[in-house]
Amino acid sequence: MEIRSRIIKTESIEWRKAEWLQPDDFKDISKTQFEKLKQSLRVNSFLQPFNVWENGTIKILDGVHRKRAMLSLETDGVLIPDLLPANFIDCKDEKEAKKLVLVYSSVYARVGEDSLYEFIHMNDLNFAELRMELDLPDLNLL
């Protein structure tokens, strides 16, 4: 067995015109979490390329909530680029591409409260500000 990169290339795509393999209602997101995602996009911009499979058309494997958040921000007057970066992933067929929807939706690790507190404290980060844009556990910082 050998681990190899399945990323064929990275380039900008017209994300609004692509097909989304992940259904809009596939993962639950609360209104609070959705607002945090929007705030994170406002503050941090678009940081993570979409992952896509191309088979005649571009099909996006992840990022449905980012799409919804960007469309919502756009209605609020925020300018969103027509082209955003995407990693083109090698898939043998649509079934394999749909399996990757599950892979990209999986969460393998969570931040521990002690390590989060230490990281924030050591790097002089503002927890109150971070809570507005990130999904972080509640901490007693006293």
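Note that this is a predicted model, so its numbers are computed, not measured. Along the sequence shown, residues carry numbers from 1.
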Regarding [X] and [Y], does a basic nitrogen lie under 4.0 Å from an acidic carboxylate oxygen?
X: Arg42; Y: Glu133; value: no
X: Lys9; Y: Glu11; value: yes
X: Lys38; Y: Glu35; value: yes
X: Arg16; Y: Glu74; value: yes

[X] side-chain N/O to [Y] backbone N/O, donor-acceptor pair under 3.5 Å:
X: Ser105; Y: Val101; result: yes
X: Glu96; Y: Lys92; result: yes
X: His65; Y: Lys27; result: yes

Checklist entry - In this structure, are over 12 heavy atoms from other groups packed under 6.0 Å from Phe119 atom CZ? => result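 For Phe119, atom CZ is not crowded (no more than 12 foreign heavy atoms under 6.0 Å).
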Would you indicate whether the side-chain heavy atoms of [Y] and [X] approach each other to under 4.5 Å?
X: Asp82; Y: Trp15; value: no
X: Val52; Y: Ile13; value: yes
X: Pro81; Y: Phe46; value: no
X: Lys36; Y: Gln33; value: yes
X: Leu134; Y: Gln39; value: no
X: Val64; Y: Phe26; value: no
X: Glu129; Y: Val43; value: no

Checklist entry - Looking at Trp20, is Lys59 sitting on its ring face, NZ or CZ under 6.0 Å from the six-membered ring centre and within 45 degrees of the normal? => result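 No - Lys59 does not lie over the ring of Trp20 by the 6.0 Å and 45° rule.
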Taking all non-hydrogen atoms of both residues into account, name the closest pair between [X] and [Y] and its distance.
X: Leu102; Y: Ser106; value: O-OG, 2.8 Å
X: Ala128; Y: Met132; value: O-CG, 3.5 Å
X: Trp53; Y: Cys91; value: NE1-O, 3.3 Å
X: Gln22; Y: Gly63; value: OE1-N, 3.7 Å
X: Phe88; Y: Glu54; value: CE2-OE1, 3.5 Å
X: Leu100; Y: Arg6; value: CD1-NH2, 3.8 Å

Checklist entry - Partners of Arg110 by side-chain contact (heavy atoms from CB on, under 4.5 Å), sequence neighbours excluded? => result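 Arg110: side-chain contact (heavy atoms from CB on, under 4.5 Å) contacts with Val107.
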Checklist entry - Of all residues at least two apart in sequence or in a different chain, which pass the side-chain contact (heavy atoms from CB on, under 4.5 Å) check with Ile7? => result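 side-chain contact (heavy atoms from CB on, under 4.5 Å) check on Ile7 returns Ser5, Thr10, Asn87, Ile89.
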Group every Ile, Leu, Val, Met, Phe, Trp and Tyr by side-chain heavy-atom contacts under 4.5 Å, then state whether [X] and [Y] land in the same group.
X: Leu37; Y: Leu130; answer: no
X: Phe127; Y: Leu125; answer: yes
X: Leu71; Y: Val78; answer: yes

Nearest 0.5 Å, please: how far is [atom2] in [Y] from [atom1] in [X]?
X: Lys67; Y: Phe50; atom1: NZ; atom2: CZ; result: 9.0 Å
X: Ile120; Y: Arg131; atom1: CD1; atom2: CZ; result: 10.0 Å
X: Gln48; Y: Asp62; atom1: CD; atom2: CG; result: 7.5 Å
X: Ile60; Y: Leu21; atom1: CD1; atom2: CG; result: 9.0 Å
X: Ser40; Y: Arg66; atom1: OG; atom2: CZ; result: 10.5 Å
X: Tyr104; Y: Asn51; atom1: OH; atom2: CG; result: 3.5 Å

Item to check | side-chain contact (heavy atoms from CB on, under 4.5 Å) between Lys17 and Thr57, intermediate numbers included | outcome: CA-CA 9 Å; Lys17 294 181 180 178; Thr57 61; over 6 Å; no
Next on the checklist: Please evaluate residues Ile58 and Glu19 with respect to the criterion side-chain contact (heavy atoms from CB on, under 4.5 Å), reporting the C-alpha separation (whole Å), side-chain torsions for both, the decisive distance (0.1 Å), and the verdict.
Outcome noted: CA-CA 6 Å; Ile58 294 175; Glu19 179 182 336; over 6 Å; no
